[in-house]
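Taking it in order: structure first as structure tokens, then the write-up.
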Amino acid sequence: MFVSYLILTLLYSQTTVLARPGGESIGCDDYLGSDKVVDKCGICGGDNTACKVVSGVFKHTLTNLGYHKIVEIPEGATKINITEMSKSNNYLALRSRSGRSIINGNWAIDRPGRYEGGGTMFTYKRPNEISSTAGESFLADGPTNEILDVYMIHQQPNPGIHYEYIIPGANIISSQLPAHRRPGEPFNGQLEVPDSTNEEDEDLQRETDTNPEQSAGTFPVIQPGRFPSHQPENQVPAVQPPRRNRDYNWKQIGTTECTTTCGKGSQYPIFRCVNRITHEEVSESYCDTSTKPTPEETACNTFPCPAFWDIGEWSECSKTCGLGMQHRQVLCRQIYANRTLTVQLFRCHHLEKPETTSTCQLKICSEWQIRTEWTSCSVPCGVGQRTRDVKCVSNLGDIVDDEECNMKLRPSDIENCDMGPCAKSWFLTEWSDRCSAECGDGIRTRSVVCMTNHVSSLPLEGCGNNQPSETTPCNNGPCAGKVEWFAGSWSQCSIECGSGTQQREVICVRKTEGSFDVLNPYECSFLERPASQQSCYLKPCGAKWFNTEWSTCSKSCEGGFRVREVRCLSDDMMPSNQCDPHFKPEEKELCNSQDCIPEIDENCKDKYYNCNVVVQARLCVYTYYKTACCASCRRVANRQSGFLGRR
């Protein structure tokens, strides 16, 4: 009989399927051909007016590191969406009002995944792709059964947190089926029970009950335990199930399999309809379904699951090219009561801990290349700059942005260059010791160079056009001497080293017996006159001391000082340290040591008898008193200047 019951049900289902119009679907009200859908409020066939959408953006500027509350999610909220507006090093966190951490609590960062909290399931997303700019997010369908608080673990500037959820409107009562309900499933926690008063009426109800809302074009979906009010002609007549009696009752024959192997699962007792006498299991139709015990959940496998290493995702590589480092979080976790908890590390000591750091290389780094030689110095003298072309070149030979290369290893593309001192002062050597002529008039020479000076004690004039003379006359006594040019022997070189000059006497003479008469040079003008001067070079001088002219004395009387700059220069006039320090000329000397003689001005007299009061009151700084008490004020001024000079 039970087999006939199943056959009848199957035949009816096949007949109904054949009778369906092609392409029709089931609406959210479980009727075929219905076009009702669930609105955003979760109401089947609703018009989105039964709820309220709450949304906003958290943009507050935060200063302290740590947890900061963003928004409160009320009880009953649905379609929850908490999303960072852009990628950052901050983290989102979720906690119940009772203080239980759901995601990223107690400074422990959880892996992306699904987490239960507040009566719903939250999906935690954290994009880790290098190219991704999306931030973290919490998503949940809801509804929540308690108040939840959303936090941000602040580590860098807040990019903005967008939040949105839906809450029911005021006084909204709906008898619509929820979108997730399937035919025959409980509605609002209860099963639909036909309004029958006894077993006979219930059997009759199964055969004759029809849906009052059924109309042409819509067909009710078959519910368990329901049949249509008529049977097609080709359908086998239904065989009535046997009447229930007291010979059968419900018996527990075991329990369901535990939902977990460890960490506290749940199981339910299994009840079957059996014969009271033989305890043989029979069809449930022999027992009264209203007396079937309700299975109660019991805990099972309550022992904790073994601890395990929970491995997070690798972070971005620390370098965009070349060898870098990446990190990941490795936590010791344990599952209990459908929750994954972070526990102390010693619980995972039986397992090898995975690596938390690893090397990484996204691509080969580019390198620096020097493309040109140094340019000429930017100035003809003094200190300037010179440049060269330095480029960052990829491993394919292309010029790329400098950021692609290691900036710490970048060769310099600019540097200072010293082109020697610029002219500002005349530097002189001492006069040569030898005269250019052995007898008669000759000359002595010295070297004169214009160079930059660095004297800071007193100001010195620039080189200007007044170049000091390089020669000076000298005479070693008269010489004795026919009409012709007579040239004497070359003198010694004007300097003992370096480039100098030699002189010789060239005179017009008339030769007589035993003597020569010196004539006016005009008398020999018809003859080519020999040279009287030539350059000479005995040997390199090496370094020599050069000095500037003395500066002006610092005081006109009672002892002042004057300075000059002294430098050691080589043959090529470059600074040198090869000069003998014992022969270094003095750089500073005293001057104007005579006493100061005050100038007597006949017009400078005191006009009042009490000018001493003006002096004592220090009124000489004013023009009137300085004129009225001229002698007294000048006397004080001279006394003060003398005192300052002696200091």
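Residues Leu519 and Ile507 have side chains not in contact (no heavy-atom distance under 4.5 Å, counting atoms from C-beta outward). A 4.5 Å side-chain heavy-atom check between Ser366 and Val393 finds every atom pair outside the cut-off. Contact check for Val57 versus Met85: side-chain heavy atoms found under the 4.5 Å cut-off. Residues Arg446 and Pro468 are in side-chain contact: their nearest non-hydrogen atoms beyond the backbone lie under 4.5 Å apart. Considering only heavy atoms from C-beta on, Leu569 stays 4.5 Å or farther from Lys544 through its side chain. Between Phe138 and Leu94 there is a side-chain heavy-atom pair separated by less than 4.5 Å. Using a 4.5 Å heavy-atom cutoff, the side chains of Arg529 and Leu527 are not in contact. When side chains are defined from C-beta on, Arg328 counts as touching Pro354, because their heavy atoms get closer than 4.5 Å.
Side-chain atoms of Trp368 come within 3.5 Å of backbone atoms of Asn406 as a donor-acceptor pair (strictly under, hydrogens ignored). Using a distance-only test at 3.5 Å, with no hydrogens or angles considered, a donor-acceptor pair links the side chain of Trp485 to the main chain of Cys524. Looking only at distances, a side-chain donor or acceptor of Thr548 sits under 3.5 Å from a matching main-chain atom of Glu565. Judged by distance alone, with hydrogens and angles left aside, the side-chain atoms of Ser137 form no donor-acceptor pair with the main-chain N or O of Thr83 at under 3.5 Å. Judged by distance alone, the side chain of Asp571 and the main-chain N or O of Gly542 form a donor-acceptor pair under 3.5 Å. Side-chain N or O atoms of Ser55 include none that pairs as donor or acceptor with a backbone N or O of Tyr163 at under 3.5 Å. The backbone N or O of Gly160 sits less than 3.5 Å from a side-chain atom of Asn158, completing a donor-acceptor pair. Although no hydrogens or angles enter the test, the distance criterion places no donor-acceptor pair under 3.5 Å between the side chain of Ser576 and the main chain of Ala543. Listed for the His154 side chain is no donor-acceptor partner under 3.5 Å among the backbone atoms of Asn90. No donor-acceptor distance shorter than 3.5 angstrom exists from the side chain of Trp374 to the backbone of Asp413, with no hydrogens or angles considered.
Within a 6.0 Å sphere centred on CD of Gln155, other residues, nucleotides and ligands contribute more than 12 heavy atoms. For NZ of Lys69, the number of neighbouring non-hydrogen atoms (other residues, nucleotides, ligands) closer than 6.0 Å is greater than 12. Residue Phe526 places its CZ atom among more than 12 non-hydrogen atoms of other residues, nucleotides or ligands, all under 6.0 Å distant. Enclosure of atom CG in Asp572 by more than 12 non-hydrogen atoms of other residues, nucleotides or ligands within 6.0 angstrom is indicated. Taking a 6.0 Å sphere around CD of Gln326, one finds it holds more than 12 heavy atoms contributed by other residues, nucleotides or ligands. Counted within 6.0 Å of OH on Tyr537, heavy atoms from surrounding residues, nucleotides or ligands total more than 12; the atom is thus considered enclosed. Within 6.0 Å of OH in Tyr624 there are 12 or fewer heavy atoms belonging to other residues, nucleotides or ligands.
The line from NZ of Lys319 to CE of Met325 is 10.5 Å long, rounded to the nearest 0.5 Å. Separation of atoms CD (Glu84) and NZ (Lys125) is listed at 14.5 Å; rounding is to 0.5 Å.
Here Asp110 pairs with Arg333 in a salt bridge; the nearest charged N to carboxylate O distance falls below 4.0 Å. Here Glu316 pairs with Lys87 in a salt bridge; the nearest charged N to carboxylate O distance falls below 4.0 Å. Salt bridge status for Glu589 with Arg562: present, with a side-chain N to carboxylate O gap under 4.0 Å.
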Going through the distances and angles, do Asn547 and Phe427 end up as a side chain to side chain contact (heavy atoms under 4.5 Å, CB included)? CA-CA 5 Å; Asn547 58 266; Phe427 284 75; 5.7 Å; no
Check step by step if disulfide (SG to SG under 2.5 Å) holds for Cys629 and Cys611. CA-CA 6 Å; Cys629 297; Cys611 282; 2.1 Å; yes
Working note: Val383 + Asn416, criterion side chain to side chain contact (heavy atoms under 4.5 Å, CB included); need CA distance, chi angles, decisive distance, verdict. CA-CA 7 Å; Val383 178; Asn416 291 339; 4.3 Å; yes
Checking Ile495 against Asp433 for the side chain to side chain contact (heavy atoms under 4.5 Å, CB included) test, could you report, in this order, the C-alpha distance in whole Å, the side-chain angles of both residues, the deciding distance, and whether it holds? CA-CA 8 Å; Ile495 57 176; Asp433 294 331; over 6 Å; no
Step by step, work out the disulfide (SG to SG under 2.5 Å) result for Cys604 and Cys630. CA-CA 5 Å; Cys604 182; Cys630 179; 1.9 Å; yes
Determine whether Ile109 and Arg126 satisfy the following criterion, side chain to side chain contact (heavy atoms under 4.5 Å, CB included), listing intermediate values before the conclusion. CA-CA 11 Å; Ile109 305 303; Arg126 183 169 66 242; 3.7 Å; yes
Audit row: Arg386, Glu415, salt bridge (Lys or Arg N to Asp or Glu O under 4.0 Å) steps and yes/no: CA-CA 6 Å; Arg386 60 179 185 173; Glu415 69 175 9; 2.4 Å; yes
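Judged purely by distance below 3.5 Å, without hydrogens or angles, the side chains of Arg371 and Gln369 pair a donor atom with an acceptor atom. A side-chain donor-acceptor contact under 3.5 Å links Asp606 and Ser632. Residues Asn89 and Gln156 have side chains that bring a donor and an acceptor to within less than 3.5 angstrom of each other. Residues Thr445 and Ser494 bring a donor and an acceptor atom of their side chains to less than 3.5 Å of each other. Counting only N and O atoms by type, the side chains of Tyr151 and Asn104 include no donor and acceptor under 3.5 Å apart. Of the N and O atoms on the side chains of Glu136 and Tyr124, at least one donor lies less than 3.5 Å from an acceptor on the other residue.
A salt bridge (charged side-chain N to carboxylate O under 4.0 Å, His left out) with Asp402 is found for one member of Lys408, Arg410, Lys391 and no other, namely Arg410.
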